[in-house]
Number of protein chains: 2
Amino acid sequence: MQMDERKQKVLWAIIQDYVSTAEPVGSRTLARKYDIGVSPATIRNEMSDLEEMGYIEQPHTSAGRIPSDFGYRYFVDCLMQREALQEYQRQQIRHTLIDKLQEVNMLMQQTTTILSQLTNYTAIVLGPQVGKTTFQRIQLIPIQPNKVVVVVVTSAGIMESRIIDVPDSVSADDLQLVADLINSELAGQTMKQVRNSLYRNLSQLLKKQKQVLVQSLELIDQAMQAEREEQVYLAGTLNIFKQPEFKDVEKIQNLLGILEEHDLVRNLLRGVESEGVSIKIGTENHHEGVRNCSMITATYQVDGEVLGVIGLLGPTRMEYSKSLAVVENLTEQLSVALKRLFGR
Amino acid sequence: MQMDERKQKVLWAIIQDYVSTAEPVGSRTLARKYDIGVSPATIRNEMSDLEEMGYIEQPHTSAGRIPSDFGYRYFVDCLMQREALQEYQRQQIRHTLIDKLQEVNMLMQQTTTILSQLTNYTAIVLGPQVGKTTFQRIQLIPIQPNKVVVVVVTSAGIMESRIIDVPDSVSADDLQLVADLINSELAGQTMKQVRNSLYRNLSQLLKKQKQVLVQSLELIDQAMQAEREEQVYLAGTLNIFKQPEFKDVEKIQNLLGILEEHDLVRNLLRGVESEGVSIKIGTENHHEGVRNCSMITATYQVDGEVLGVIGLLGPTRMEYSKSLAVVENLTEQLSVALKRLFGR
DNA sequence: TGTTAGCACTCAACTCTTGAGAGTGCTAAC
DNA sequence: GTTAGCACTCTCAAGAGTTGAGTGCTAACA
């Protein structure tokens with residue numbers, strides 16, 4: 001059997017209707033609401049064909065049809081007309097990102113929030129991957145007798161800090177010495193490189209300040225550890241409740257549970273194309289907890305280098321066109337904002 | 001009508017049973033499962049009295065009785081026997097808090113998590129109130145030409161950081177000058193005092209480095225702003241799903257919505273006694289979204305000064321005795337851990 | 001006078017039935 | 001190839017009947 005123009009028209013209409021009503025679509029409805037130009041009976045025949053071809057399915061005998069994952073896939077690949085973003089939405093994004101650009105964390109959180117607001121789905125963003133950013137400086141700041149704050153700064157402006165205890169015998173000069181040493185040895189290296197040269201080159205150099213040194217290095221190590229796992233930002237998790245397919249408590253609990261496990265979320269987003277926009281529909285997702293969800297993801301980059309991913313999680317019955325427009329525009333503007341923040 | 005010993009016995013049994021089963025309790029059940037020593041008929045009479053006195057109520061005519069908020073209140077005040085924590089739970093708390101004490105954030109998050117795990121309710125913790133901690137240092141760390149990381153450290157080891165742009169004309173020495181100036185002027189003052197003396201004393205001192213100075217002060221200001229609002233830590237929000245009284249999607253959505261609004265959460269916890277342990281039952285809570293919840297809260301302190309609150313949110317049908325034991329022990333151990341971290 | 005057994009009554013929850021409504025597939029006619 | 005007509009299927013909602021848990025009242029009992 002062949003996909004012809006009328007079949008496309010019918011499939012398009014079915015998806016259109018189902019996306020907006022969440023109810024199975026019957027032949028009469030299609031004939032009435034959409035301009036297909038043939039009678040319900042003919043549409044029925046076409047629908048029967050479409051079902052046989054796998055594009056749509058019937059929840060039960062006497063109900064209308066709903067699109068299958070395969071049907072959505074065809075829609076996304078062949079039928080969907082690209083939508084441009086409304087000017088006011090574009091504006092809204094620009095506003096949100098420009099105001100907050102002083103700090104990466106805030107910028108990412110804002111990005112996530114605006115994404116969920118504009119789409120009414122759940123937004124997931126993976127923060128800049130810092131294996132690629134470089135170690136910049138360590139700073140030892142005495143705050144009380146015997147107490148020192150250690151701050152690790154990366155080129156992304158992300159940092160880890162910790163209070164450590166030091167023995168009386170360590171003076172402010174000693175601290176400076178340690179800091180200078182670490183800084184001169186390691187500055188500008190990527191986190192991976194730091195990790196490699198860390199213990200080899202440094203640990204035998206100092207005796208007296210050993211404890212401080214060790215603890216500082218531990219923190220750097222930890223910073224790397226922590227940041228190898230990209231930060232997960234979430235927003236609009238409660239938008240799930242708006243979807244009629246999630247009126248069931250179990251399903252909501254399930255999905256919220258997954259979203260709480262940031263490791264899972266990371267894996268979910270990592271499993272997509274290495275660059276650019278990707279749409280995963282229903283069972284195309286590897287994780288089985290999101291088999292009835294679709295995910296639109298896009299990478300963002302600075303100076304041509306992919307830094308992270310932004311993603312949108314909704315029901316398979318998703319407004320693909322609109323959502324895609326938002327995701328695309330947002331990555332673009334996010335990339336710009338990030339470049340301003342720490343691009344070369 | 002007077003509360004006598006037998007009525008107490010009956011009320012106690014009703015609460016006991018309802019807390020564990022979540023089903024209305026009938027007279028037969030009571031006679032069978034609890035050792036009251038009289039027949040169901042007599043118990044019925046007592047229950048009738050208890051209802052008249054307001055301690056219990058009937059969801060509908062042909063159902064058993066359930067405790068009213070007033071009944072729980074009487075239970076908590078007069079009937080409940082204090083429970084000691086199991087040794088292994090005590091241990092578990094100690095373990096959790098000792099390992100992580102390098103950093104306030106982590107410590108607080110761990111506290112919250114262990115609280116929810118031990119109780120199976122939702123744990124809410126307000127981070128140390130920093131209006132009372134003092135400004136310690138500011139540090140300006142150049143990371144790239146024209147870019148400086150500003151770090152503000154408070155005595156609590158909490159900090160705010162930001163990347164700012166500086167003009168070419170500002171040298172490393174200039175930065176040092178600004179930092180030294182701010183540090184010498186403001187170090188050791190409480191955040192409130194800093195706020196007051198900030199613009200008055202400093203802004204006219206420098207010309208060339210004015211921009212850096214202004215932006216640094218802005219950050220300090222912001223740090224104060226941000227930290228006047230204590231950090232909210234949550235854990236076990238999904239425990240709500242375990243409670244049969246929340247099998248309704250609307251109610252869950254409602255509660256999760258409230259928990260997402262940290263301002264609301266703060267208000268909720270602030271509305272309790274200024275010191276020590278407090279139990280708020282159902283309608284005793286001011287916020288109407290938690291009218292069918294109970295909250296156990298306790299303040300934690302260092303050197304006699306109240307720093308924050310830890311709280312437990314569950315259904316009114318709560319295991320008050322057990323939960324209370326956990327909350328009390330946890331505040332105690334948290335106070336110790338915090339004292340080690342930044343006590344005098 | 002307090003306690004208990006017995007009994008009529010109430011009400012939610014469950015099951016079963018029924019009818020309406022939406023939708024389909026098939027057939028025959030156009 | 002398209003359409004009208006019709007029998008059929010299945011869900012959903014409403015209604016009726018039944019069951020079971022629980023109560024309140026009354027009268028008898030210790």
Side-chain angles (χ1 to χ4, degrees), chain A residues 1-11 13-15 17-18 20-68 71 244-245 247-248, chain B residues 1-11 13-15 17-18 20-68 71 244-245 247-248:
Chain A
M1 213 171 316
Q2 270 281 324
M3 185 60 114
D4 57 25
E5 199 181 331
R6 196 169 63 191
K7 281 191 181 48
Q8 288 189 334
K9 226 176 188 171
V10 172
L11 179 56
I14 290 176
I15 291 183
D17 203 74
Y18 185 64
S20 66
T21 66
E23 296 290 330
V25 193
S27 52
R28 266 182 65 91
T29 317
L30 285 181
R32 216 180 324 114
K33 286 171 63 178
Y34 299 86
D35 184 29
I36 304 188
V38 292
S39 78
T42 310
I43 295 180
R44 274 206 286 286
N45 290 330
E46 297 290 21
M47 286 169 90
S48 181
D49 290 353
L50 284 171
E51 181 165 11
E52 196 174 328
M53 294 157 79
Y55 293 111
I56 58 180
E57 45 198 32
Q58 234 176 338
H60 54 263
T61 339
S62 71
R65 306 302 215 290
I66 61 176
S68 66
E245 34 269 272
K247 71 177 197 302
D248 180 14
Chain B
M1 213 171 315
Q2 271 281 324
M3 184 62 112
D4 57 26
E5 200 182 331
R6 197 169 64 191
K7 281 191 180 50
Q8 287 188 335
K9 226 174 187 171
V10 172
L11 178 56
I14 291 175
I15 291 183
D17 203 75
Y18 185 63
S20 66
T21 66
E23 295 290 332
V25 194
S27 54
R28 265 182 66 90
T29 318
L30 285 181
R32 217 181 323 114
K33 285 171 61 179
Y34 299 85
D35 184 30
I36 304 188
V38 292
S39 78
T42 310
I43 294 180
R44 275 206 287 285
N45 290 330
E46 297 291 20
M47 287 169 89
S48 180
D49 290 352
L50 284 171
E51 180 165 12
E52 198 175 325
M53 293 157 80
Y55 293 112
I56 57 181
E57 45 199 31
Q58 235 176 337
H60 54 263
T61 338
S62 70
R65 308 300 216 291
I66 62 176
S68 66
E245 34 269 272
K247 69 178 199 304
D248 181 14

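Fair warning: this is a prediction, and the values are worked out from it, not measured in the lab. By convention in this document, chain letters (A, B, ...) are assigned in the order of the sequence lines, proteins followed by strands, and residues within each chain are numbered from 1.
Here the side chain of A:R65 is nearest to one of C:dG25, D:dG22, D:dT9, namely C:dG25. When distances run from any side-chain atom of A:S27 to the nucleotides C:dT24, C:dG25, D:dC10, the shortest one goes to C:dT24. Of the candidate nucleotides D:dG22, D:dT9, C:dA12, C:dA12 has the atom lying nearest to any side-chain atom of B:H60. For B:S39, the side-chain atoms get nearest to C:dT4 when compared with the rest of C:dG25, C:dT4, D:dG24. Taking the side chain of B:S48 as heavy atoms from C-beta on, and the options C:dT3, D:dG24, C:dA22, the nearest nucleotide is D:dG24.
Put simply, CG on A:D49 is 12 Å from P on C:dC26, counting in whole angstrom units. Counting to the nearest Å, the C1' atom of C:dG2 and the NZ atom of B:K7 are 12 Å from each other. Separating the CD1 atom of B:I66 from the P atom of D:dG22 is a distance of 14 Å, rounded to the nearest angstrom. What separates OH of B:Y18 from C1' of D:dA21 is a distance of 16 Å, to the nearest Å. Rounded to whole angstrom, the span from the CD atom of A:E46 across to the C1' atom of D:dT2 amounts to 11 Å. In this entry the distance linking CD of B:Q58 with P of C:dA12 reads 11 Å, nearest Å. When the P atom of D:dG1 is taken as reference, atom CD1 of A:I43 falls 18 Å away, rounded to whole Å. In this entry the distance linking CD1 of A:I56 with C1' of C:dG25 reads 14 Å, nearest Å.
Pairing of C:dC30, defined by two Watson-Crick or G-U wobble distances under 3.5 Å, is identified with D:dG1. Nucleotide D:dT11 is matched to C:dA20 when pairs are restricted to Watson-Crick or G-U wobble geometry with both distances under 3.5 angstrom.
Between B:R44 and A:G64, it is B:R44 whose nearest contact on DNA chain C lies nearer the 5' terminus. The residue among A:R32 and A:N45 whose nearest nucleotide of DNA chain C is located toward the 5' end is A:R32.
Residue B:T61 is in sugar-phosphate contact alone, with no base atom involved, counting any heavy-atom pair closer than 4.0 Å across all strands shown. Here B:A41 lies in heavy-atom contact (under 4.0 Å) with a base.
Note: B:M53 CE to B:E46 CD = 9.5 Å, rounded to the nearest 0.5 Å. Interatomic distance, CD of A:E57 versus CG of A:L50, reported as 12.5 Å (0.5 Å rounding).
Contact annotation: A:S62 does not reach the phosphate of C:dG21 (side-chain N/O to OP1 or OP2, under 4.0 Å).
Under a 3.5 Å cut-off, the side chain of A:Q58 and the backbone N or O of A:A63 do form a donor-acceptor pair. Looking at B:S68, its side chain does come within 3.5 Å of a backbone N or O of B:G54 through a donor-acceptor pair.
Within 6.0 Å of the CG atom in B:D4, the count of heavy atoms belonging to other residues, nucleotides or ligands exceeds 12.
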